[in-house]
Amino acid sequence: MELLEDLEDHSDCRFQVIHKFTIFCKNILLCKWNGEKCIVSDSQTVPFVYAMQTSGTMGSKKIVRVTQDCILPNIDDFKKLFSINEHDSVLLSAPLTFDPSIVDIFLAITTGANVIILGNSIKAHPGLLLDTLFPSQDLPNVLKGHQLSILQTTPSLFRRWTGPEIRGRILNDETKLRVLALGGEECISFNILQSFKSPKNKTEIFNLYGLTEMSCWASYSKISFDEIYDGAEDKIPLGIPLSSTYWKIDVDNEYSDSAGNKISELILGTQSRLCFVSDETSCPTERKTGDLVKVSQGHFYFYGRKDRFIKFYGIKVNLQEIEDKMSQCSSVAACYCIHEPESNILYVLFSSDCSGDQHEISKIRSHFHHTFGRFIPPFYRLILVDEIPVTNNGKFNEEEMRRKLVSNQSNQQNLEPSKRVLERFKDTWLSHGLETQGGFKDVGGSSLIAVELTSTLNHNLPRKTRFKLLNLLLSNGSFIQSLRLLKWLLWKHHRKKPPGKFKSYKYKYSSWFLQLQKHAFRKGNFHLRARILGDSQKFYLKVIYSRSTNKKTLFKRNCKIFRDRWKSLKASDVSSVIARGLHLNTNYLAQIKTPECANLNKLKISIIWKKDLLSCVDNSPSIFHSSRCSSHLVISSHHGLFATLDGFSGDQIASYNFCSDLVSSACVSSSPMSSESFSYIGCFDGRFCKINNLTGKIIWCFKSQSLIKSRALQVAQTVYFASYDLYLYCLGQETGNLKWKLFVGHKGIHSNLLLLKRLGCICVCTLSGHVHIVDICRRRIKWTHEMLTPIFSSPCYFEEQGLLLVASVKGCCVCFQADTGAKLWSFELNEPMYADIVNEPCNGVENVLLCATQEGTTVCYVITKDAPIQSWKIKFGCKYFASPFIFPLQYDKVTGHSLFATILVSTNGVLKLLSLDKGTELGEFALSGDVFSSPIVYHDMIFIGCRDNHVYCLKIGEH
């Protein structure tokens, strides 16, 4: 910053400012250097044109001063190789701190071509970058007529696009891209590149090799797909040296790969392309690169770097060779290896275009074990990652990947010791590609893998106990048998309750089933307990089997009581979903009694249970009921833990750790005719997943290009979600296949999607202030309205009247005619609004709207088509981020109507219960932490998440 200020006020005479301009809010100065010269010898001085810092791949980072005679031959060579003219457009893909950017800039300057410069916000999202550079027919061309024709990038950046995207948009038959130059890393394999090109594609692809110490490029290879490169194992040769450059190999230091082939270090030489590294005052004519090459039939092939050879349990392993052979698998998008010296564990990380296809992932694991099983000791972890992190220069970001690995390990450390051991055992089993069905030896296990599996217990079990597990594995025991034995050994060692003998009992009475749950084995007695909700009270059935009891008589007597109570409810009532914005219908309210409270002015709110989810719980819970006669709660924590809990006890039914922040609430799907229930949830890393609520298993995953904050929406056999990559996605419910996607804005989408059922449309509100009504049948935007400020609050819909209400962050609420987009009326709250506006048809007569602001004001309106009528307004002096929840508090049999109430929760954790008719305060409860989770109410129970890492179940009752 000080240097920039000196240049702008001309106080530094070494620089002469030629031109000043601003790009993406950054000041760029084009300067002429008038300073000192770099001395080569006593009789010669050479000026340098720019300085560059190395990426540190050869050790510590160094400053390289590049002379004019070094960079100009590169510019002249590539002008001829690429045949660049004034009609071309060159993408400045590298940052100015990476020397390929100099080549891009001066190729354009010297030929009159256009330079395309994009902001980091676009380059950070592969999907948005693809739509900008290679727009499809249904997208506008934001480059204003310019079409990218020259693309120079690293393989890691290029492979952030999937194979179908490259084939369909970049290297298709109609592409305007003339030249694709890949450099900075090892080139993508020949077969993979060939599979990317469509048959009539005419794009010329180059493999570039270079060294910053001899900036910028040293050689090129024009890839011919009609030529077969023998002896290269699918590799692309480095090609031929550029002007004023030569190379040779260091025959004194030779290495060998796993097949015994000799590879040597590459040396670059020149007489005129001089660069000065760090404090050098004279420049050597030859530099060792640290890169290893193999010479075959006159071609040089890259085989990694010297420092990527490691000693792994006494065996010399080339990490680059592992990455190369893994990348030859067509389903692998990228692969990188990290060796952890302290634990001596090798992490093999790979990403795949088929991450949701378990069959393809299994094939990748089999490919690895078939290729390296004989050469590498089995102390490694084969890990599928969603995306390989890259640096600003477009190369693999090893530091970021190490941080993620440490974070995942720390998450496991937060688990109980026994659970941590079980998770580590499962991860180690699966990382070796072993199937969970069949015996250990039958699925490919070996004695070394068995030793590693038992070594995970070093600090948890004594050696004599570990031998029992080792004997089971070597006796061809299965995965399930191993887990059972391990659970027993852990209990015996830590003296905890035994894992139990699980039994399932089903008894059929006409059209209903009784399934007894929560089986436990304790001191010879079976304690079997089932729960059912009937007439607004929790009804428990406990059957105790003991040695001295007539089991059959006792069971029949209790089942008769249970059956009579059960028949009072309909199956359709038991199997329903209650979530934010989806309330109980009137028929259901008529059949289930609401809390009978003699004095509504004296209501008490107390804790029934709370559950620790290990990190803050900002997402809103959902409840579903299944034919298992039980109510379940679905909730997720900020750091990726998804859990299904028993609604009455808080016991964990199932869980899954997404290893990514979860910032959206789950969309729950449950069928009255099936015991299965699923949730659709988006992650911070862009994944959108379908998960089984009762087993915790992922059904499928779909990868968007940015984070997902809004709740998804299920409509018939499809599911819709909006991502911060500015698209609305439509996926198939069963398989997660992409049916279509639609560009819906210029900023992210925070508010939840809203279904306008009668219109067959979805309402999408964006942070740019746009309200889009999307016709999901025609896959287009029906109408759009632009508000002046961002929209965080979710909209609401009055279906009978056809009214749509939207609130902006400034507190401006606008009512639209939903089918036409006509603005009917509006009102101003003049306070920030982040909470959803919620509505409820009370007693089938009035439409009530409730608004809660960031400054603590709560307003209740009665909505009509002409204008809103304010019913009451209260200000508590606290902030509201969580959305209110309206529910029936008391049912009147005489009038057939219910008294409605609302729950308000402020960010400081104070929960208030208000009557909806007058806003009278009926009860209050203070949680122990801040609250950003919106509550839901099921009968007399309130469920809410808190930033003290717990989800709470509270009960509404009398004092």
Side-chain angles (χ1 to χ4, degrees), residues 14-16 18-19 29-55 57-58 61-84 90 92 94-113 115 150 152 181 183-184 206 208-221 238-248 266-291 300 393:
R14 295 174 300 170
F15 291 92
Q16 178 184 350
I18 305 298
H19 188 64
L29 299 180
L30 186 60
C31 304
K32 180 180 179 181
W33 171 254
N34 296 320
E36 65 274 6
K37 311 298 182 180
C38 298
I39 302 175
V40 178
S41 64
D42 296 336
S43 59
Q44 184 182 12
T45 60
V46 180
F48 66 90
V49 292
Y50 64 89
M52 193 67 59
Q53 188 179 54
T54 64
S55 61
T57 53
M58 293 184 64
K61 296 182 179 181
K62 300 180 283 289
I63 300 295
V64 179
R65 292 169 289 173
V66 183
T67 64
Q68 179 175 302
D69 291 338
C70 182
I71 191 63
L72 277 182
N74 263 198
I75 307 300
D76 293 335
D77 286 343
F78 286 118
K79 280 195 298 185
K80 298 174 183 177
L81 283 172
F82 298 163
S83 302
I84 300 179
V90 182
L92 186 62
L96 294 176
T97 53
F98 192 31
D99 49 351
S101 64
I102 304 297
V103 176
D104 287 333
I105 292 172
F106 283 96
L107 278 178
I109 291 176
T110 56
T111 60
V115 178
I150 310 293
Q152 180 185 207
F206 291 84
L208 306 182
Y209 172 80
L211 194 69
T212 303
E213 287 84 344
M214 190 181 291
S215 185
C216 167
W217 300 115
S219 71
Y220 78 95
S221 173
L238 297 183
I240 58 176
L242 291 164
S243 299
S244 306
T245 309
Y246 67 89
W247 56 20
K248 63 181 183 180
L266 182 66
I267 298 175
L268 291 181
T270 183
Q271 295 298 326
S272 58
R273 297 186 59 200
L274 305 178
C275 292
F276 298 87
V277 180
S278 298
D279 297 328
E280 288 180 348
T281 56
S282 61
C283 179
T285 57
E286 292 183 350
R287 291 189 186 274
K288 290 186 175 182
T289 62
D291 295 327
F300 282 41
N393 291 355

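Here the structure is a predicted model, which is why all the values come from computation and not from measurement.
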**Report entry** Residue pairs involving residues 239-248 (criterion salt bridge (Lys or Arg N to Asp or Glu O under 4.0 Å); sequence neighbours excluded)
**Finding:** K248-E286
Report task. Just jot down the side-chain contact (heavy atoms from CB on, under 4.5 Å) partners of P95, sequence neighbours excluded, or say none. Result -> T97, F98, N392, N393
Requested in this report: Mind checking the OG1-NZ spacing from T110 to K79? Nearest 0.5 Å is all I need.
Outcome: 4.0 Å
Query raised in the report: How long is the gap from CD1 on I150 to CG on L107, to the nearest 0.5 Å?
Result: 8.5 Å
Query raised in the report: What is the distance from atom OG1 of T270 to atom CG of D69, rounded to the nearest 0.5 Å?
Result: 9.0 Å
Report task. Inspect the surroundings of CZ in F300 and state if more than 12 heavy atoms from other residues, nucleotides or ligands are less than 6.0 Å away. Result -> yes
Requested in this report: List for me each residue that meets side-chain contact (heavy atoms from CB on, under 4.5 Å) alongside D77, sequence neighbours excluded, and say none if there are none.
Outcome: L242, S243
Query raised in the report: Between G210 and W217, which heavy-atom pair has the shortest distance, and what is it?
Result: N-CE3, 3.6 Å
**Report entry** F106 CZ: over 12 foreign heavy atoms closer than 6.0 Å
**Finding:** no
Query raised in the report: Can you tell me how far the CG atom of L266 sits from the OG1 atom of T289, to the nearest 0.5 Å?
Result: 4.5 Å
Query raised in the report: side-chain contact (heavy atoms from CB on, under 4.5 Å) with S219: which residues, sequence neighbours excluded?
Result: Y209, L238, W247
Report task. Nearest 0.5 Å please: distance from the CZ atom of F78 over to the OH atom of Y220. Result -> 9.0 Å
Requested in this report: Provide the full list of side chain to side chain donor-acceptor pair (under 3.5 Å) pairs with a residue in residues 98-108, sequence neighbours left out, each pair given once.
Outcome: D99-S215, D104-Q152
Query raised in the report: Which is it for L268 and E213 under the side chain to side chain contact (heavy atoms under 4.5 Å, CB included) test, yes or no, and what are the steps along the way?
Result: CA-CA 10 Å; L268 291 181; E213 287 84 344; over 6 Å; no
Query raised in the report: Of the options V66, T67, T212, which is the one that meets C275 in a side-chain contact (heavy atoms from CB on, under 4.5 Å)?
Result: V66
Query raised in the report: Stepwise, does the side chain to side chain contact (heavy atoms under 4.5 Å, CB included) test hold for C70 with L274?
Result: CA-CA 6 Å; C70 182; L274 305 178; 5.9 Å; no
Query - Closest contact, heavy atoms only, Q68 versus P73 - result: O-CD, 4.4 Å
Query raised in the report: So, do I105 and L96 sit near enough that their side-chain heavy atoms are less than 4.5 Å apart?
Result: yes
Query raised in the report: Taking atom CG of D291 and atom CG of L211, what is their separation to the nearest 0.5 Å?
Result: 7.0 Å
**Report entry** By side-chain contact (heavy atoms from CB on, under 4.5 Å) - contacts of T285 (at least two apart)
**Finding:** Q271
Report summary line: Shortest non-hydrogen pair, I63 vs A51, comes out as CG2-CB, 4.4 Å
Requested in this report: Specify the closest pair of heavy atoms between S221 and G239, including all atoms of both residues, with the distance to one decimal.
Outcome: CB-CA, 3.6 Å
